[in-house]
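Here the structure is laid out as structure tokens; the discussion comes afterwards.
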2 protein chains.
Amino acid sequence: MEFIRPLRDFLKSKYPFLSDEDISMVMSFAEIREYPQGEQLLREGETRRILGFVLEGLVRVYFLRDGVDYTFDFREQFEIFGNLDSLLANVPTTRFIEVSTPCRVLMIDYDELQTLTTYNDRIETIRVHILQENLIQSIQRVEQYISLKPEERYLKLLAERPALPNQVPLKHIATYLGVTAVSLSRIRNRIKSD
Amino acid sequence: MEFIRPLRDFLKSKYPFLSDEDISMVMSFAEIREYPQGEQLLREGETRRILGFVLEGLVRVYFLRDGVDYTFDFREQFEIFGNLDSLLANVPTTRFIEVSTPCRVLMIDYDELQTLTTYNDRIETIRVHILQENLIQSIQRVEQYISLKPEERYLKLLAERPALPNQVPLKHIATYLGVTAVSLSRIRNRIKSD
DNA sequence: GATATGCATTAACTTTTGTTAATTAGTCAG
DNA sequence: CTGACTAATTAACAAAAGTTAATGCATATC
């Protein structure tokens, strides 16, 4: 499969201590799947315990509050997604995961990965690393909601994910930023006038 | 020391798998210290790698952006504080930790705790548990900044920490919520009128 | 006691955001 | 091609938040 080569390369550059056998070991428990735009990979209330790795495409994580759709996160190529809070607390998930642009995704059962880690310390290191990266990112996001204006948050998001406005409706970007779609539209208008 | 009794009780109720020897083991590497209001336990840029446990009092975590003080977190009795992102990424901290009301604090060197965990699996479990709790809390906070109005965030904070307005200046609560002190004052005024 | 300092509130005004609705453009199904 | 649907923008107005400054209050300092 031609998708595995770039994945191997990526993993080995990010985690140089991994051997080819380590990667094969993980792969043997993972599934590569393709999903069309709009597909739901996980729904609120489900107890399936999965981690995903985006090989191609864009995935959106969101939740509903009072019937309103709030975007929690975007995940693109070579990023890991999963509702870690529900995996760690072992409770049903509160967030949906859906495919925003057609995706090729590597899916792995979190508990099977957990089992692998008892045999292989390097895979355990990766599991811990995923948790740590998520914690660090969450902390940074809290800091940003506290100290940045919506416009600044938008510019920051654009810098990190320049292609995003072409990949998802702006209304989903708006809720990610904590504002309404109308307000984001005005922010974009203001920015243009420079 | 009479502060250790309630601490032991708390730890054993939260982590029932701990033996008295486990707790003593951690204690032997920890220091109980008292600090007056206003004391700084950690400063931006420092590389000291510490975790703290509040035995009594209230601690505030904050950061500076463009010279402005933004409150990142409050920690009260029986809560753990520490700049986990800098501990995990092994970089100097970006956040200050200061004493808001006179405190009795148990301080432990994170790396010494780390060393303990190689000899004692139950202590490792606690270390991991601390990280997981922090991740879960951070995720919930991101969700709240996205989907709740400042007034709702204030009411939620009050429900969680009812004593807070008597313990810290309101301006610090305001920045925690992501608004100005003037705005929080108006929110409080609005709430009174019920 | 007089003065200085810091904090919360209030006021006055500006800016931004929320809300609702209308408009426009694009996509899809028949 | 037409009608239905969705998304983005724009308009108009209301509500909320930011900004600056003034006031009152408590506390600390001399």
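Chain letters run A, B, ... following the sequence lines, proteins first and then strands; every chain starts at 1.
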Inset, instruction - Could you tell me whether the phosphate oxygens of D/dA8, OP1 or OP2, come under 4.0 Å of any side-chain nitrogen or oxygen in A/S185? - result: no

Inset, instruction - With side-chain hydrogen bond (donor to acceptor under 3.5 Å, both in side chains) as the test, would you mind laying out the steps for B/T94 and B/R65 before giving the verdict? - result: CA-CA 10 Å; B/T94 58; B/R65 177 115 63 190; over 6 Å; no

Legend entry - Interatomic distance, A/I173 CD1 vs D/dT9 C1' [rounded to whole Å]: 15 Å

Inset, instruction - Examine C/dT17: is either OP1 or OP2 under 4.0 Å from a nitrogen or oxygen in the side chain of A/R190? Give yes or no. - result: yes

Legend entry - A/N189 vs D/dT10: side-chain N/O to OP1/OP2 distance below 4.0 Å: yes

Inset, instruction - Round to a whole Å and report the spacing from NE2 of B/H172 to C1' of C/dA8. - result: 13 Å

Inset, instruction - Would you mind classifying the nucleic acid contact of B/K171 as base, sugar-phosphate or nothing, using non-hydrogen atoms under 4.0 angstrom? - result: sugar-phosphate

Inset, instruction - For C/dT17, take OP1 and OP2 only and decide whether either is under 4.0 Å from a side-chain N or O of A/T180. - result: no

Legend entry - Distance in angstrom units between A/N166 CG and C/dG26 P, rounded: 15 Å

Legend entry - Residues A/R141 and B/Y145: side-chain donor-acceptor under 3.5 angstrom: no

Inset, instruction - Return yes when atom CG of A/D121 has more than 12 non-hydrogen atoms of other residues, nucleotides or ligands closer than 6.0 Å, and no otherwise. - result: no

Legend entry - Side-chain (A/T115) to main-chain (A/D111) donor-acceptor, under 3.5 angstrom: yes

Inset, instruction - Check every strand shown and say whether A/R188 touches a base, only sugar-phosphate, or nothing at a heavy-atom separation below 4.0 Å. - result: sugar-phosphate

Inset, instruction - Would you mind telling me which residue lines up with the more 5' stretch of DNA chain C, A/E151 or B/R186, judged by nearest nucleotide? - result: B/R186

Ignoring hydrogens and angles, write down the donor-acceptor pairs under 3.5 Å from the side chains of residues 71-78 of chain B, residues two or more places apart or on other chains.
{"residue": "B/T71", "atom": "OG1", "partner": "B/R60", "partner atom": "NH1", "Å": "2.8"}
{"residue": "B/T71", "atom": "OG1", "partner": "B/H172", "partner atom": "O", "Å": "2.9"}
{"residue": "B/T71", "atom": "OG1", "partner": "B/T175", "partner atom": "OG1", "Å": "3.2"}
{"residue": "B/D73", "atom": "OD2", "partner": "B/R75", "partner atom": "NE", "Å": "3.2"}
{"residue": "B/D73", "atom": "OD2", "partner": "B/R75", "partner atom": "NH2", "Å": "3.0"}
{"residue": "B/R75", "atom": "NH1", "partner": "B/I80", "partner atom": "O", "Å": "3.4"}
{"residue": "B/R75", "atom": "NH2", "partner": "B/Q137", "partner atom": "OE1", "Å": "2.8"}
{"residue": "B/E76", "atom": "OE1", "partner": "B/R161", "partner atom": "NH1", "Å": "3.4"}
{"residue": "B/Q77", "atom": "NE2", "partner": "B/L55", "partner atom": "O", "Å": "2.8"}

Inset, instruction - Give the rounded distance in Å between these two atoms: NZ of A/K149 and C1' of D/dT19. - result: 11 Å

Inset, instruction - Check the distance between C/dT27's C1' and A/Q37's CD and give it to me in whole angstrom. - result: 12 Å

Inset, instruction - Specify the separation, in whole Å, of atom CG of A/L184 and atom C1' of C/dT17. - result: 12 Å

Inset, instruction - From the options C/dA11, C/dT17, C/dC7, select the nucleotide whose nearest atom is closest to the side chain of B/P169. - result: C/dC7

Inset, instruction - Would you mind telling me which of C/dG18, D/dA17, C/dT10 lies closest to the side-chain atoms of A/S183? - result: C/dG18

Inset, instruction - Taking only the side-chain heavy atoms of A/L170 (C-beta and beyond), determine which of D/dA17, D/dA8, D/dT19 contains the nearest atom. - result: D/dA8

Legend entry - Rounded distance in Å - CD1 (A/I187) to C1' (D/dT9): 14 Å

Inset, instruction - Would you kindly give the CG-to-P distance between B/D66 and D/dG18, to the nearest whole Å? - result: 16 Å

